[in-house]
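When a ligand or atom number is given, it counts from 1 through the structure's own listing order.
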Amino acid sequence: MIEYNISPKNFISLDGNKIASFVSEADSNVDQDTVDSFGKEWTTFSTFSDEDIRIAGDQYFDIVTDKMIGPASMVLDIGCGTGRWAKYLASRVKFIEAIDPSSAVLSASKLTAGNKNIRITQSGVDVIPFPDESFDFVFSLGVMHHLPDTQDAIQKAANKLKKGGHFLIYLYYSLDNRSLFFRMLFLPVHLLRMIVHRLPHGLKVIVCDILAVILYVPVISLAKLIRFLFPSKLWYKKMPLAYYCDKSFQIIRNDSLDRLGTPLEKRYSRKEIEMMLRKAGFTEVIFSENEPYWHAVARK
Ligand SMILES: C[S@@+](CC[C@H](N)C(=O)[O-])C[C@H]1O[C@@H](n2cnc3c(N)ncnc32)[C@H](O)[C@@H]1O
């Protein structure tokens with residue numbers, strides 16, 4: 001592990017373990033409603049099967065090569081949520097410091113309890129309690145589009161990387177690689193989100209579960225049917241929600257809540273993400289051509 005460079009503000013006790021907390025009201029690059037919403041979300045969805053983690057993990061980390069990480073790598077996971085990607089990566093690296101400002105740290109601590117090379121810390125991206133240039137690899141998956149200042153968050157991640165280290169980021173795409181028809185379909189979903197995210201948590205979970213059944217499942221089933229009818233073509237991949245063809249219903253429920261229930265959400269084009277990475281000092285930006293869009297890896 002890497003020694004904290006500031007003192008914790010607090011400790012959270014869990015099953016005899018102590019999780020150091022560094023969150024403070026002075027943190028500015030944070031949307032508290034979003035953090036609270038995620039804290040509740042990750043309490044609702046705190047466990048994932050090894051199979052679920054492996055299938056989605058292989059997709060997020062498809063562009064991460066053994067030259068970027070290895071048995072000696074010190075890794076930072078920013079916005080770890082349940083810690084599922086830290087758990088996915090743990091066997092390939094030396095140590096993972098996983099941070100999140102929400103109460104998700106409790107779920108993360110439980111999910112990663114068997115991994116001695118993962119430490120969970122309650123902290124946001126604003127004040128990451130480790131010295132600059134301490135990490136060989138930093139990743140942040142599905143996090144920085146939920147922050148008021150995404151560019152600043154990318155810069156904070158860059159600061160923690162050693163020179164030559166790599167950063168893996170996943171940000172929601174602005175559908176910039178999709179057809180006009182596909183983009184128009186997104187409009188009613190966006191309007192739905194504007195209503196759903198304002199509901200109280202319990203009702204939000206019920207509504208998102210219903211939407212998972214009446215919206216996600218039929219569209220995914222159509223994509224699966226096209227895959228079945230035309231196995232040699234990749235037409236199904238152009239269908240909305242085709243990403244979920246090989247995902248469990250638990251993942252679909254979780255993502256329904258994630259996509260429709262989160263207060264602050266921004267979307268970026270591939271070009272915008274590349275610009276933000278380069279502005280933060282990254283070079284050699286490589287985008288995955290596969291879903292989820294967009295995830296990219298870059299070198300400091
Ligand atoms: C969509 S979840 C993704 C969690 C995890 N990376 C995953 O993919 O399973 C977004 C996470 O970002 C965290 N988050 C929100 N604001 C943050 C901030 N200012 N700094 C770091 N993480 C933050 C939330 O608490 C939440 O757990």
Counting non-hydrogen protein atoms only, what is the nearest one to [atom]? Give residue, atom name and distance.
atom: atom 27 (O) of ligand 1; answer: D100 OD2, 2.6 Å
atom: atom 3 (C) of ligand 1; answer: L141 O, 3.6 Å
atom: atom 19 (N) of ligand 1; answer: N29 O, 3.1 Å
atom: atom 8 (O) of ligand 1; answer: W85 NE1, 2.8 Å
atom: atom 22 (N) of ligand 1; answer: P101 CD, 3.2 Å

How does [X] reach ligand 1, if at all, at less than 4.0 Å between non-hydrogen atoms: by side chain, backbone, both, or neither?
X: V125; result: both
X: T82; result: neither
X: S140; result: neither

For [X] and [Y], test the side chains for any donor-to-acceptor distance below 3.5 angstrom and give the result as yes or no.
X: D58; Y: Y88; result: yes
X: Q155; Y: N159; result: yes
X: D77; Y: S140; result: no
X: Q122; Y: K9; result: no

Numbering as shown, the atoms of ligand 1 that approach [X] to under 4.0 Å (heavy-atom distance):
X: L147; result: 16 (N), 17 (C), 18 (C), 19 (N)
X: G124; result: 20 (N), 21 (C)
X: C80; result: 5 (C)
X: V35; result: 15 (C), 16 (N)
X: R84; result: 7 (C), 8 (O), 9 (O)
X: S102; result: 25 (O)

Query raised in the report: For ligand 1, is there an N or O atom under 3.5 Å from any N or O atom of V143?
Result: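 No, no N or O pair falls under 3.5 Å.
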Query - ligand 1 N/O within reach of H146 N/O, cut-off under 3.5 Å - result: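 Between H146 and ligand 1, no N or O pair is found under 3.5 Å apart.
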Does the pair [X]/[Y] count as a salt bridge with the N-to-O cut at 4.0 Å?
X: E41; Y: K204; answer: no
X: R119; Y: E97; answer: yes
X: E274; Y: R270; answer: no
X: R178; Y: E291; answer: yes
X: R92; Y: D66; answer: yes

Query raised in the report: Should the pair H145 and Y172 be assigned to parallel (<30°), tilted (30 to 60°) or perpendicular (>60°) ring geometry?
Result: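 Correct class here is parallel.
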**Report entry** Identity of the nearest option to atom 5 (C) of ligand 1, non-hydrogen atoms only, from G142, S103, S123, G79
**Finding:**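 Looking at heavy atoms only, G79 sits closest to atom 5 (C) of ligand 1.
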Report task. Determine whether the aromatic ring centres of F167 and F139 lie less than 6.0 Å apart. Result ->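 No, ring centres 6.0 Å or more apart.
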